[in-house]
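Data block below; observations after.
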Amino acid sequence: MKKATAAPAHPLADELRPGQSVELLKELHILTREGRLNQDSRRKLKQVYHLVQFIETLLKELPEGGAGATLADHGAGKSYLGFILYDLFFRALGSGHIYGIETRAELVETSRALAARLGFARMSFLPLSVAQATTDATLPERIDVVTALHACDTATDDAIAFGLAKNARCMALVPCCQAEVAACLRQHKALALARTPLAELWRHPLHTRELGSQLTNVLRCLYLEACGYQVTVTELVGWEHSMKNELIIARRSGGPRRSAAERLRAILEEFGLASLQPVRFPRLPAA
Ligand SMILES: C[S@@+](CC[C@H](N)C(=O)[O-])C[C@H]1O[C@@H](n2cnc3c(N)ncnc32)[C@H](O)[C@@H]1O
């Protein structure tokens with residue numbers, strides 16, 4: 001008698017999630033027409049899957065397991081994240097809506113056409129900057145989840161401002177490079193600390209940039225806490241997959257936290273960054 005042999009595993013078995021549309025991945029050019037995955041796409045897919053997992057957890061924590069949830073994806077680019085989230089979560093849920101916000105009109109057009117082809121009716125793509133989206137009437141007043149994956153420079157700060165304006169229940173942010181704080185450090189030489197050994201932290205230009213980036217994310221977390229969010233910071237994927245790997249998860253958890261606001265103000269003061277307060281942290285509770 002012939003021995004039964006197990007069906008060979010799908011060549012992408014490790015990359016695909018149950019119920020995942022292979023056609024979608026081909027349409028997004030993550031998979032080639034032959035269904036293969038190159039090294040860059042594998043890296044991108046890994047980042048997107050990890051973020052999708054974090055966002056799914058946040059959606060499931062919402063009332064009724066996320067039914068009817070609204071989500072804004074800022075600096076959406078080709079909207080890999082939005083499409084995969086829709087395919088894996090929103091499609092089966094049968095309700096809710098994803099808004100992709102992106103300044104490049106040609107990417108918005110491509111995403112609109114793809115969503116129409118796939119029948120992903122509860123996705124909208126808007127050719128707006130994050131800042132414009134905050135007051136644009138096309139978007140609903142209530143956005144439950146705000147996300148931004150590598151939105152350039154200060155677009156992450158704008159995404160936080162958007163989330164606060166929309167009273168978002170949660171945010172999942174993976175910042176990109178940021179130059180604003182480093183420029184301020186260079187300009188003011190962190191006045192109060194300049195004559196202390198701590199000035200070594202930003203003496204070399206590379207360190208100024210790294211410290212600027214670190215300070216930026218520390219200030220973002222304190223701002224979110226000061227505005228009533230509980231914050232966790234973690235890695236998105238292993239460092240071998242991406243240098244821009246910090247994931248900030250914020251859940252609305254109650255009233256403003258005075259201690260976080262005080263610390264934020266103190267750091268701005270110490271590092272000569274006070275001019276950033278009205279621009280980046282306008283909702284900081286009063287001292
Ligand atoms: C590095 S790409 C990331 C795209 C996508 N999130 C991803 O991870 O594949 C950043 C995108 O943000 C867009 N962008 C930059 N600044 C923006 C802003 N202020 N408002 C909206 N989109 C912005 C850019 O056009 C670009 O498509």
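Count residues from 1 along the sequence. For ligands, and for the atoms within them, numbers begin at 1 and follow the listed sequence. Computed from a predicted structure; not experimentally measured.
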- Between Phe83 and Phe125, ring centroids under 6.0 Å: yes
- Message: Please check this pair: side chain of Thr70 against backbone of Asp144, looking for a donor-acceptor N/O pair closer than 3.5 Å.
- Response: yes
With the criterion set at N/O pairs under 3.5 Å, what does the list of contacts between the protein and ligand 1 look like, atom names and distances included?
from     : atom 1 : to     : atom 2 : distance (Å)
ligand 1 : 6 (N)  : Gly75  : O      : 2.8
ligand 1 : 6 (N)  : Leu149 : O      : 2.8
ligand 1 : 8 (O)  : Lys44  : NZ     : 2.9
ligand 1 : 8 (O)  : Leu149 : O      : 3.4
ligand 1 : 9 (O)  : Lys44  : NZ     : 3.1
ligand 1 : 20 (N) : Val130 : N      : 3.0
ligand 1 : 25 (O) : Glu102 : OE2    : 2.6
ligand 1 : 27 (O) : Glu102 : OE1    : 2.7
ligand 1 : 27 (O) : Glu102 : OE2    : 3.2

- Message: Under 4.0 Å between a side-chain nitrogen and a carboxylate oxygen: does that hold for Arg263 and Glu225?
- Response: no
- Task: Using the side chain to side chain contact (heavy atoms under 4.5 Å, CB included) rule, pick out the option among Pro127, Ser129, Cys152 that qualifies with Thr103.
- Result: Ser129
- Residue pairs, two or more places apart or on separate chains, that pass side-chain hydrogen bond (donor to acceptor under 3.5 Å, both in side chains) and touch residues 109-118: Glu27-Arg117, Glu109-Arg112
- Query: Should the pair Phe90 and Tyr86 be assigned to parallel (<30°), tilted (30 to 60°) or perpendicular (>60°) ring geometry?
  - Reply: parallel
